[in-house]
Visitor: 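Sharing a structure, written as structure tokens. Questions coming.
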Amino acid sequence: MYRYDISFEVTSVCLLILMLSVMHTKRQLYILRNKMFYLGIYLFLALNMIDIVATVLVNHTIEMGSPWKTQFQYVLSIIFFILQQATLQVFLTYVMVAFHKMRGRLLLYKFFNILTILDILAVSTDFIHKQLFYFDEMGVYSNGRLHFIVYLVPALFGLYGFVIVGMNKKKLPVLERHLITIIGIFTILVFMIQILLLPQYQVIYFWSTLVLASIFFTLQSSDYYLNRSTGAFNSEGLMVTMADKMQRKVPFSILLMSACDFEGIKDGFSTKNKQKVYRKIVSEILQRSTIKRKKRKMDVFRDDDKIYILFYDNVGAEYSAMKIGSWVTDGIYIDEIAPKVKVVATMLLFDFPGRIQTEEEFYSVIKYFMTDEYYKKYNVMQTINEEFFRKKKRYDDVRHLVEEAIRTDGIEMYYQPIYSSVRDDFHSAEALVRLRDKDSIGFVSPEEFIPIAEQEHLILQLEDLILRKICKFIQKANLQSLGVQYIEVNLSGNQCMQVDLADQLTDLIQEYDIPPNFINFEVTETSTIDSNNDYLLRNMRQLQSIGSTFALDDYGSGASNLKYLVDYPFEIVKLDKSIVWAYFGATNPKTRAVLPYSVRMLSKMNVRIVAEGVETLEQRNELIRLGVDYLQGYYFSKPICELDYLQFLREKNCS
Ligand code: C2E
Ligand code: CA
Ligand code: CA
């Protein structure tokens, strides 16, 4: 009969207490996995302590030769086994939650719960307990013949837990993956040492503590979810928290505040100010976030200029959201001496479970919301309605269509002839893109899908496809012989902002062996404004040096800042339909004056003028009289497919 040693348990207890105190100083995500981790550590701590007391008693009995309070030992052993079982149950729950294995395995999990109950019942039933343990002739509490049974269920739990971890290892970062392999190997080793070499020590417990500590510093580390500059959690943290609630169908609400400006502060929305204001908002919300001592009411997450406030309780969330919203937009004091800073923000309140079921849906709604000027109102608390979802569905459908078109080469180029009154022929045409798929959601205008492609970062792929289509057509159709001098090609705003646009286009023109002067690039005023750096200017100069030309598109539709007309070397200006139609439809003399004076000014600037939207003979004649030499519109032809365009040229230009 040997004396049992408790030094391993004592070390474990010290380590566990240390870990708990560190844990309490750090803010953790309010999710089931973390709760399970906490609970697991507390249970394991209790288990270690009970083990120490029980071991001391057994040792005492062995040394003194007289049993010490037999009843007490009996109760202690029952508590010990219950705790052991509970710890493993929590361990298993932790693993299943952490690896998202609860869904679909609920039945199995319930079966494990039943095992736990049976196991606890078994050890605490007097009759069974006596088969498992007995007091020997010296009064020492000893293992009975069937005592291994009480370890069977915990062993099963442990094993199943390790199987889940092993099977899902690949999802983890490299460091954690290696760590788990090492833990696995050592656990087997430690078990062997425990059983074969050191039965009088609790090596397993000590080892388990080390494993807990390593998980604590890696997988459980909350630093990964923290936004350092403000003390809020970050967007990963939001994702994890949301997934946790959604999976367990726990209701919650989220207030999105997307700031676009600060008022009442020098150099407004600068990075430095942002940090200050956001830190203030976060600390204030954290202060408000705990009611009573333990229960958290809300949490705050930050992702760039977006702040998400998550309410753990739907009741009263709307009221709290309103209060926070008005506090932030009415103005907050960043420091005592400075005046209030007012946040200009878009605010949107979601409640779950509502129309939005998954995290992906949540983010896609936000993304859409931020693009839609109609919904994106400032400092107004908004919730989303039926119409919003209708519009969003259309947006998603169109995006899907564009993705499909890129994948399956599903676009076609149409050409709209441009009439030259000087030569009395169709010297040019504008290439306009069309989606081939007209069945799924009907005809979609480029006016609708180009902005969506831009928003969804699909535009460059789409434009590449467009340019290749145009080049291929020019290459094989021999348009020069049909009297065409150049083709007008639209460039999107995103394209104009690319540093290497000129290189790309030059390569493409060379690849298809097209004379550079056969292409005129159309650029809209907004893209010249957006590319505030001078990339566009450099690109223009480079392309012009090889012979290509540029047109300023949609003149008169937007801000019409003359600066761009003056600063950028455009050869052509295209008068937008709207100012052409305004001239013909107008009764107001002011409106009537815009077109003739624009034409006069542009002629003075020595640019060629193209009028768009010419629909009638009367318009055609009047525009020519005003001095517009080039005309484009339904009067001459709608945009037509390649074959029709060639036919058109043969009829009109070659007769
Ligand atoms: P835009 O560049 O101003 O193109 C002229 C638009 O006016 C074309 O619409 C054309 O069909 C339409 N149009 C021409 N004459 C008339 C007329 O007499 N009456 C009326 N009511 N409309 C006329 P479309 O093809 O629907 O294109 C719309 C816009 O989509 C274009 O405006 C352009 O901004 C963009 N877009 C079209 N194709 C491309 C492309 O290949 N690349 C890029 N980046 N944008 C394109
Ligand atoms: Ca155009
Ligand atoms: Ca235009």
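The model shown is predicted, which means the values in this text are computed figures rather than measured ones.
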Visitor: To the nearest 0.5 Å, how far apart are CG in N48 and OG1 in T209?
Guide: 5.0 Å

Visitor: Ignoring hydrogens and geometry, is there a side-chain-to-backbone donor-acceptor pair from D261 to V344 under 3.5 Å?
Guide: no

Visitor: Atom OG of S270 and atom CD of Q275: how far apart are they, to the nearest 0.5 Å?
Guide: 9.5 Å

Visitor: Closest heavy-atom contact between G331 and K342?
Guide: CA-CG, 3.8 Å

Visitor: Quick one, V433 with I450, criterion side-chain contact (heavy atoms from CB on, under 4.5 Å). Give me CA distance, side-chain angles, the key distance, then yes/no.
Guide: CA-CA 9 Å; V433 63; I450 298 260; 4.1 Å; yes

Visitor: Is any side-chain heavy atom of I384 closer than 4.5 Å to one of R355?
Guide: no

Visitor: Keeping to residues at least two apart or across chains, list the ring pair (Phe, Tyr, Trp, His ring centres under 6.0 Å) pairs with something in residues 301-350.
Guide: Y30-Y312, F233-F301, F350-F362

Visitor: Taking the side chain as every heavy atom from C-beta outward, state whether T241 and Y225 have any pair of such atoms under 4.5 Å apart.
Guide: no

Visitor: Tell me, with the steps shown, if M242 and Y363 meet side-chain contact (heavy atoms from CB on, under 4.5 Å).
Guide: CA-CA 11 Å; M242 218 165 18; Y363 285 108; 3.9 Å; yes

Visitor: Hey, does the side chain of R302 reach the backbone of D304 with a donor-acceptor pair shorter than 3.5 angstrom?
Guide: yes

Visitor: Check whether the ring centres of Y375 and Y368 lie less than 6.0 Å apart, and answer yes or no.
Guide: no

Visitor: Look at the rings of F388 and F369 and say which category their plane angle falls in: under 30° parallel, 30 to 60° tilted, over 60° perpendicular.
Guide: tilted

Visitor: Looking at E387 and K391, does any basic side-chain N land under 4.0 Å from a carboxylate oxygen?
Guide: no

Visitor: Measuring from D409:CG to R436:CZ, what's the distance to the nearest 0.5 Å?
Guide: 5.5 Å

Visitor: Restricting to non-hydrogen atoms, name the atom on T383 and the atom on L349 that form the minimum distance, rounded to 0.1 Å.
Guide: CG2-O, 3.6 Å

Visitor: Distance-only criterion, 3.5 Å: show the donor-acceptor pairs between side-chain atoms of residues 248-255 and protein atoms not counting sequence neighbours.
Guide:
residue, atom, partner, partner atom, Å
R248, NH2, D244, OD2, 2.8
S253, OG, N314, OD1, 2.5

Visitor: Give me the atom names and distance for the closest heavy-atom approach of D119 to P154.
Guide: OD2-CD, 4.1 Å

Visitor: Find out whether Y395 and K367 are in side-chain contact, i.e. whether some heavy atom of one side chain is under 4.5 Å from a heavy atom of the other.
Guide: no

Visitor: Return the minimal non-hydrogen interatomic distance between D267 and N273, and the atom names on each side.
Guide: O-ND2, 3.4 Å

Visitor: Can you confirm whether L15 sits close enough to L212 that some side-chain heavy atom of one is under 4.5 Å from a side-chain heavy atom of the other?
Guide: no

Visitor: Side chains of L401 and F449, heavy atoms from C-beta outward: is any pair under 4.5 Å?
Guide: no

Visitor: Return the minimal non-hydrogen interatomic distance between C260 and Y378, and the atom names on each side.
Guide: SG-CE2, 3.4 Å

Visitor: Counting C-beta onward and ignoring hydrogens, is there a side-chain heavy-atom pair between I411 and L435 closer than 4.5 Å?
Guide: yes

Visitor: Using a 3.5 Å distance criterion without hydrogens, assess whether the side chain of E361 forms a donor-acceptor pair with backbone atoms of Q357.
Guide: yes

Visitor: Any salt bridge between R407 and E404, counting N to O under 4.0 Å?
Guide: yes

Visitor: Between E386 and R390, does any side-chain N to carboxylate O distance fall below 4.0 Å?
Guide: no

Visitor: Is the number of heavy atoms from other residues, nucleotides or ligands within 6.0 Å of NZ (K170) greater than 12?
Guide: no

Visitor: Starting from the C-alpha separation in whole Å, work towards a yes-or-no answer on side-chain contact (heavy atoms from CB on, under 4.5 Å) for M23 and I41.
Guide: CA-CA 11 Å; M23 219 174 338; I41 290 188; 3.4 Å; yes

Visitor: Could you tell me whether K392 and D396 make a salt bridge, using a distance below 4.0 angstrom between a side-chain N and a carboxylate O?
Guide: yes

Visitor: Answer yes or no on whether K274 is positioned over the face of F269, meaning its NZ or CZ is under 6.0 Å from the six-membered ring centre and within 45° of the axis.
Guide: yes

Visitor: Decide whether S229 and N227 meet the rule of one side-chain donor and one side-chain acceptor closer than 3.5 Å.
Guide: yes

Visitor: So does E318 have more than 12 non-hydrogen atoms from other groups sitting under 6.0 Å from CD?
Guide: no

Visitor: Are T181 and K169 linked by a side-chain donor-acceptor pair shorter than 3.5 Å?
Guide: yes

Visitor: If you round to the nearest 0.5 Å, how far is CG of L159 from CD1 of I164?
Guide: 11.0 Å

Visitor: State plainly whether the residues R27 and D299 are in salt-bridge range, i.e. N to O under 4.0 Å.
Guide: yes

Visitor: Taking 4.0 angstrom as the limit, do E412 and R434 come out as a salt bridge?
Guide: no

Visitor: Any side-chain heavy atom of L43 sitting closer than 4.5 Å to one from V90?
Guide: yes

Visitor: Once you round to the nearest 0.5 Å, how far does CD of Q461 lie from CG of D464?
Guide: 8.5 Å

Visitor: Between CD of E447 and CG of L432, what distance do you get to the nearest 0.5 Å?
Guide: 10.0 Å

Visitor: Parallel, tilted or perpendicular, judged at 30° and 60°: which one describes the rings of F162 and F91?
Guide: tilted

Visitor: Determine whether D397 and K393 satisfy the following criterion, salt bridge (charged side-chain N to carboxylate O under 4.0 Å, His left out), listing intermediate values before the conclusion.
Guide: CA-CA 6 Å; D397 287 346; K393 177 158 187 319; 3.0 Å; yes

Visitor: If you count the non-hydrogen atoms of other residues, nucleotides and ligands that lie under 6.0 Å from CZ in F389, is the total more than 12?
Guide: yes

Visitor: List the steps, then state whether side-chain contact (heavy atoms from CB on, under 4.5 Å) holds for R394 with E448.
Guide: CA-CA 10 Å; R394 171 76 184 180; E448 185 177 6; 2.8 Å; yes

Visitor: Taking all atoms of both residues into account, what is the closest heavy-atom pair of V282 and T230, and its distance?
Guide: CG1-O, 3.4 Å

Visitor: Verify, without hydrogens or angle tests, whether D437 (side chain) and S440 (backbone) share a donor-acceptor contact under 3.5 angstrom.
Guide: yes

Visitor: Taking K26 first and then D223, would you say they form a salt bridge - that is, a charged N and a carboxylate O separated by under 4.0 Å?
Guide: yes

Visitor: Checking H178 now: which residues fulfil side-chain contact (heavy atoms from CB on, under 4.5 Å) with it, not counting sequence neighbours?
Guide: V174

Visitor: Could you tell me whether the side chains of Q455 and T371 share a donor-acceptor contact shorter than 3.5 Å?
Guide: no

Visitor: How about CG on L121, more than 12 heavy atoms from neighbouring residues, nucleotides or ligands closer than 6.0 Å, or not?
Guide: yes

Visitor: Find out whether Y160 and V95 are in side-chain contact, i.e. whether some heavy atom of one side chain is under 4.5 Å from a heavy atom of the other.
Guide: no

Visitor: Give a yes-or-no answer on whether the side chains of N494 and S492 include a donor-acceptor pair shorter than 3.5 Å.
Guide: no

